[in-house]
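A short write-up of the structure that comes next.
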Amino acid sequence: MLKGAKTGVDSNQLTFFPALHESCHSEDFLEVCTERQIILQEFAGQEKVSFKFSVVVIQGHLAVEGVLLFGKKHLYICSHFVLSQLEEIYCTRHCLSSISDQFIFSLCHKDQAIEDPACSRYLYADIKEIHPRRFLLQEIALEIFFRNGYSKFLVFHNSDRNKAFKRFCSVQPGLKAKGITEDSLNIRRGAGGEKTMLQKWQRREISNFDYLMYLNMLAGRTYSDYMQYPVFPWVLADYHSQTLNFANHKTFRDLSKPMGAQTAERRRKFIQRYKEVEKSEGDLSAQCHYCTHYSSAIIVASYLVRMEPFTQTFCSLQGGSFDVADRMFHSVKSTWDSASTENMSDVRELIPEFFYLPEFLSNCNQFEFGSMQDGTMLGDVQLPPWAEGNPHRFITLHRQALESDYVSAHLHHWIDLIFGHKQHGPAAVEATNTFHPYFYGDKGHLSSINDPLIKSTILGFVSNFGQVPRQLFTKPHPSRSTLGKLTLGKETSSLSHPTRLGPPPLSSLQTLKLSPAVIKETPKGAIGHIVYTEKGVLAVEKNKVLIPPLWNKTFCWGFDDFTCCIASYGSDKNLITFEVMAYWGNCLCAVCPTPTTVVTSGTSSVVCVWELSMVKDKVRGLSLRQGEIASCAGSVMYLWTINGQPLTSLCPASSLQEQISCCCFAEVLDWDVRSLLVTGGSDGVVRLWKMEHGKRPSQDAGSRSQEDITDGLKSKGISPGFWPAMRRAGSTAGPWTGRKECQPAPAIPLPGRSLWMENNPLNGHNFGFGHPSAMTGTIYK
């Protein structure tokens with residue numbers, strides 16, 4: 001008998017506590033878990049869920065338990081929810097976890113505060129690709145890539161990955177050909193005679209950077225899981241010279257050897273270690289050259305510690321605080337010396353950000369990392385002398401080194417070490433390139449290990465120290481062709497003939513007559529945009545702009561709720577509505593220079609460049625693009641980062657009385673230091689400028705503007721440091737042909753590229769907009 005019954009307590013009021021593995025599925029409990037409303041609110045109209053899967057959502061170094069739902073036209077990823085044994089959904093606060101794997105369970109609940117449940121909805125049509133992935137060396141994950149550039153990494157801890165993948169293929173049949181299969185891994189052979197990425201790389205049709213990113217993707221490396229982050233090679237060995245000499249082979253790292261064999265003495269020590277260790281199964285002292293790895297979550301976080309969210313990631317992996325300052329990433333040269341010669345426990349390689357992201361080298365957020373032993377406060381990363389203290393110059397030259405002739409001729413050796421036949425086996429032993437067996441997915445035999453303690457030990461070892469990528473090649477990787485250069489295409493070749501950029505000369509305006517062309521659809525109000533085509537004149541009302549090249553759709557704005565939409569030309573029917581522009585206030589003007597690019601500005605005083613994601617010629621999404629910004633005011637031009645940090649300024653005109661009427665970026669290779677900017681002035685001259693990273697230039701006509709920017713930065717406690725300089729690259733022969741006197745230069749179209757310029761009155765606010773492939777350029781006043 002219950003003790004409470006003796007005192008007259010009603011037994012119906014006793015609290016019910018379920019057993020350890022008992023599901024909470026009573027009707028009373030459903031009323032308690034009100035968080036289920038979050039999922040219901042996200043459901044599309046008349047939604048019906050056909051399949052449910054219990055998953056773990058991987059976000060960098062974090063793992064969150066969740067549920068994957070398949071609807072009619074949408075999939076739903078519900079974070080911080082649990083799928084019970086009766087396939088009922090509860091939030092993690094009101095139901096026990098359904099994860100049976102102890103290690104994965106610990107990852108989901110390690111050092112994490114209880115966060116609010118969330119649910120995200122995605123159209124099946126927005127899925128671009130789905131790739132099977134490994135997680136902790138186990139084939140239990142899928143990575144879903146969406147057309148807007150985002151991705152989701154899902155772990156199916158209950159071995160339901162194949163079922164989920166088949167379900168994806170059934171609702172989106174086109175995905176069958178885009179999953180990673182054994183045939184798709186054979187990048188030496190193209191389907192239907194199509195050139196493979198390997199062939200494109202050999203023929204220099206794609207860059208070294210793009211090819212390495214492609215190999216990383218095939219090998220399972222992903223930005224979504226820091227334990228499997230993309231890996232890139234050290235390409236330089238000279239971090240002490242004032243200038244880089246790409247003609248000297250000593251400038252470069254030996255790409256045929258791993259980081260543990262860059263010197264003869266270092267290689268000898270690792271070979272000795274390999275011989276001294278006896279072979280043993282399941283023992284941490286198994287025979288190998290290296291017991292640490294060249295890529296791990298802590299290595300990635302240490303490189304990017306000056307940027308969020310990697311700052312918090314690093315602190316989380318370090319137990320809640322920063323490491324000792326001397327052990328943190330503080331110098332490129334010191335890190336190279338440690339990984340190549342000095343430290344026997346350090347064989348780290350690089351990450352892609354070393355070749356495109358200068359921001360990670362600066363402590364812009366003013367984090368207090370402490371002081372090193374010599375008393376130096378740890379702040380920005382110390383750069384080599386040839387970078388002249390400028391992160392932008394370092395990234396530019398480092399990328400140029402990656403694309404150099406020397407690296408192109410030897411990169412296949414490094415691919416053999418990381419992704420190829422020297423990854424493991426006898427060839428790896430001979431190349432001094434063997435790691436502990438736990439790092440290899442085909443040597444762990446995790447499925448055959450029944451002891452949970454041993455399995456957790458192996459998984460802990462892998463999660464802390466890293467894992468070897470999937471092997472892509474079993475034979476030596478072919479070298480890159482030494483003949484020819486990277487194909488730039490017909491569009492770029494037109495830059496060698498600047499006279500082609502101008503409009504045809506007009507001999508006389510007296511013979512102009514009204515055209516018999518008629519407007520296809522009569523606008524219902526004030527006209528906002530006109531397009532002349534071979535089939536007639538197209539015109540739309542105010543707050544609308546036609547989208548090229550078919551001109552059959554319009555981008556519309558100016559609604560009371562700050563939304564925008566895509567509509568069919570000549571119809572009031574909206575094809576799709578976007579709410580993302582509401583964050584930037586009321587839109588006042590817009591332009592669509594390319595089929596997938598929209599530029600807007602309004603009451604927020606911010607010019608935004610958006611990208612339209614297309615699925616079978618249908619617009620499915622709208623997202624912001626990134627890059628650098630150029631702005632013009634009077635006779636002065638400024639260059640900014642996407643975060644609003646000023647880079648440089650100059651006065652392109654020959655005198656302060658002359659005005660800039662238009663400007664744009666010219667197409668160059670994205671690693672080329674000779675970035676070109678084109679300006680047109682009121683003197684009728686078009687000038688070409690190339691950007692060179694270095695110290696701030698000497699005082700000139702635009703010096704007062706540069707000083708104004710410098711003083712503005714100093715007033716905020718920010719030192720501008722070194723600036724990129726815009727050097728004169730050339731100009732047209734003179735004013736435009738056919739004009740009797742100098743007139744302001746008109747718009748300068750560069751054919752076939754997503755960049756443009758607008759001729760504008762000098763008293764207007766917008767001079768034009770530009771977006772090249774290498775950087776987003778937004779020209780505004």
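If you're wondering where the values come from, they're calculated on a predicted model, not measured in any experiment.
- Proximity of Phe360 to Phe329: side-chain heavy atoms (C-beta onward) are separated by under 4.5 Å at one or more points.
- The closest side-chain donor-acceptor pair between Asn208 and Ser408 falls under 3.5 angstrom.
- The aromatic ring centroids of Phe252 and His413 lie 6.0 Å or more from each other.
- Between the side chain of Ser404 and the backbone N or O of Ala401 there is at least one donor-acceptor pair closer than 3.5 Å.
- Counting all heavy atoms, side chain and backbone alike, Pro384 lies closest to Tyr239 at CG-CD2, 3.5 Å.
- Although no hydrogens or angles enter the test, the distance criterion places a donor-acceptor pair under 3.5 Å between the side chain of His330 and the main chain of Met328.
- A distance of 9.0 Å separates NE2 in His157 from CD1 in Ile140, rounded to the nearest 0.5 Å.
- Between Phe53 and Phe156, the ring-plane angle classifies as perpendicular under the 30° and 60° cut-offs.
- In the model, Asp210 has a side-chain atom that pairs as donor or acceptor with a side-chain atom of Ser207 under 3.5 Å.
- Side-chain atoms of Glu129 do not come within 3.5 Å of backbone N or O of Ile144 as any donor-acceptor pair.
- Remark: side-chain polar atoms of Asn365 are not paired, donor with acceptor, to backbone N or O of Phe367 under 3.5 angstrom.
- The distance between the ring centers of His289 and Tyr274 falls below 6.0 angstrom.
- Applying the 6.0 Å contact sphere to CD of Glu368 captures no more than 12 heavy atoms from other residues, nucleotides or ligands.
- Under the salt bridge (Lys or Arg N to Asp or Glu O under 4.0 Å) criterion, Asp238 pairs with no residue, sequence neighbours left out.
- Taking 4.5 Å as the limit, every side-chain heavy atom of Cys288 sits out of range of all side-chain heavy atoms of Phe439.
- Side-chain atoms of Trp234 and Glu349, non-hydrogen and from C-beta on, do get closer than 4.5 Å to each other.
- At a cut-off of 3.5 Å, with distance as the only test, a side-chain donor of Glu65 or Ser98 sits close to an acceptor on the other residue.
- Inter-residue side-chain proximity for Pro352 and Leu212 is flagged as unmet; no heavy-atom pair is nearer than 4.5 Å.
- The minimum heavy-atom distance linking Ser100 with Asn158 is given by the pair OG-OD1, 4.4 Å.
- Taking a cutoff of 4.0 Å between a charged side-chain nitrogen and a carboxylate oxygen, Asp337 and Lys333 qualify as a salt bridge.
- For the pair Ser241 (side chain) and Leu244 (backbone), a donor-acceptor distance under 3.5 Å is absent.
- The CD atom of Glu342 sits 10.5 Å away from the OG1 atom of Thr335 when rounded to the nearest 0.5 Å.
- Considering only residues two or more places apart in sequence or on other chains, Arg267 meets the salt bridge (Lys or Arg N to Asp or Glu O under 4.0 Å) condition with none of them.
- Summarising the geometry, atom CD belonging to Glu403 is positioned 10.5 Å from atom CG belonging to Asp405; distances are rounded to the nearest 0.5 Å.
- Ring centers of Phe232 and Phe355: under 6.0 Å apart, within the cut-off.
- Closest non-hydrogen pair, Leu397 versus Phe246, comes out as O-CZ, 3.9 Å.
- Only one option out of Leu107, Val155, Asp225 pairs with Leu136 in a side-chain contact (heavy atoms from CB on, under 4.5 Å); it is Leu107.
- Thr432 approaches Tyr290 most closely through the heavy-atom pair O-OH, 2.6 Å.
- Between Ile77 and Lys152, the closest heavy-atom pair is CD1-CG, 3.6 Å.
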- [ ] Dump the intermediate steps for side-chain contact (heavy atoms from CB on, under 4.5 Å) on Leu154 and Arg161, then the final yes or no.
- [x] CA-CA 9 Å; Leu154 305 180; Arg161 186 184 75 170; over 6 Å; no
Open item on the list: Checking Thr92 against His109 for the side-chain contact (heavy atoms from CB on, under 4.5 Å) test, could you report, in this order, the C-alpha distance in whole Å, the side-chain angles of both residues, the deciding distance, and whether it holds?
Closed with: CA-CA 11 Å; Thr92 53; His109 299 84; 5.7 Å; no
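- Using a cut-off of 4.0 Å between Lys/Arg side-chain N and Asp/Glu carboxylate O, Glu276 and Arg273 are scored as not salt-bridged.
- Side chain of Asp380 to backbone of Asn363: a donor-acceptor contact under 3.5 angstrom is found.
- Of the inter-residue distances, the one linking Tyr229 atom OH with Ile351 atom CD1 reads 5.5 Å to the nearest 0.5 angstrom.
- Judged by distance alone, the side chains of Gln471 and Tyr440 never bring a donor and an acceptor atom under 3.5 Å apart.
- The local environment of OH in Tyr150 is sparse, with at most 12 non-hydrogen atoms from other residues, nucleotides or ligands closer than 6.0 Å.
- Contact check for His412 versus Pro478: no side-chain heavy atoms found under the 4.5 Å cut-off.
- Between Ser296 and Asn464 there is no side-chain heavy-atom pair separated by less than 4.5 Å.
- Put simply, the side chain of Ile418 reaches to within 4.5 Å of the side chain of Tyr294, judged on heavy atoms.
- Aromatic ring centres of His436 and Phe461 lie closer together than 6.0 Å.
- Residues Tyr303 and Phe354 place their aromatic rings such that the two centres sit under 6.0 Å apart.
- By the 30° and 60° cut-offs, the orientation of the rings of Phe369 relative to Phe322 is perpendicular.
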Open item on the list: Run the side-chain contact (heavy atoms from CB on, under 4.5 Å) test on Tyr226 and Leu304 for me, step by step, so that the C-alpha distance in whole Å, both residues' side-chain angles and the decisive distance to 0.1 Å come before the verdict.
Closed with: CA-CA 12 Å; Tyr226 296 165; Leu304 304 176; over 6 Å; no
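- With rounding to the nearest 0.5 Å, the separation of CZ in Phe394 from CG in Leu361 is 6.0 Å.
- The shortest side-chain heavy-atom distance between Phe145 and His131 falls under the 4.5 Å cut-off.
- Within the 3.5 Å criterion, the main-chain N or O of Pro469 finds no donor-acceptor partner in the side chain of Gln228.
- Under the 3.5 Å distance criterion, the side-chain polar atoms of Arg306 are left unmatched by any main-chain donor or acceptor of Cys364.
- Here the OG atom belonging to Ser463 is positioned 11.0 Å from the CD1 atom belonging to Ile104, to the nearest 0.5 angstrom.
- Heavy-atom minimum distance, Glu139 versus Arg134: OE2-CG, 3.0 Å.
- Side-chain rings of Phe473 and Phe419 stay apart, their centers remaining 6.0 Å or farther from each other.
- Put simply, the side chain of Asp374 gets close to the backbone of Thr376: a donor and an acceptor are under 3.5 Å apart.
- Between the Arg266 side chain and the Ser340 main chain, a donor and an acceptor come within less than 3.5 Å of each other.
- Looking only at atom types and distance, the side chain of Arg133 has no donor-acceptor partner in the side chain of Ser224 under 3.5 Å away.
- Inspection of the Gln102 and Ser456 side chains reveals no N or O donor paired with an N or O acceptor under 3.5 Å.
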TODO: Given side-chain contact (heavy atoms from CB on, under 4.5 Å), test Leu411 with Arg480 step by step and report yes or no.
DONE: CA-CA 8 Å; Leu411 186 59; Arg480 198 177 197 188; over 6 Å; no
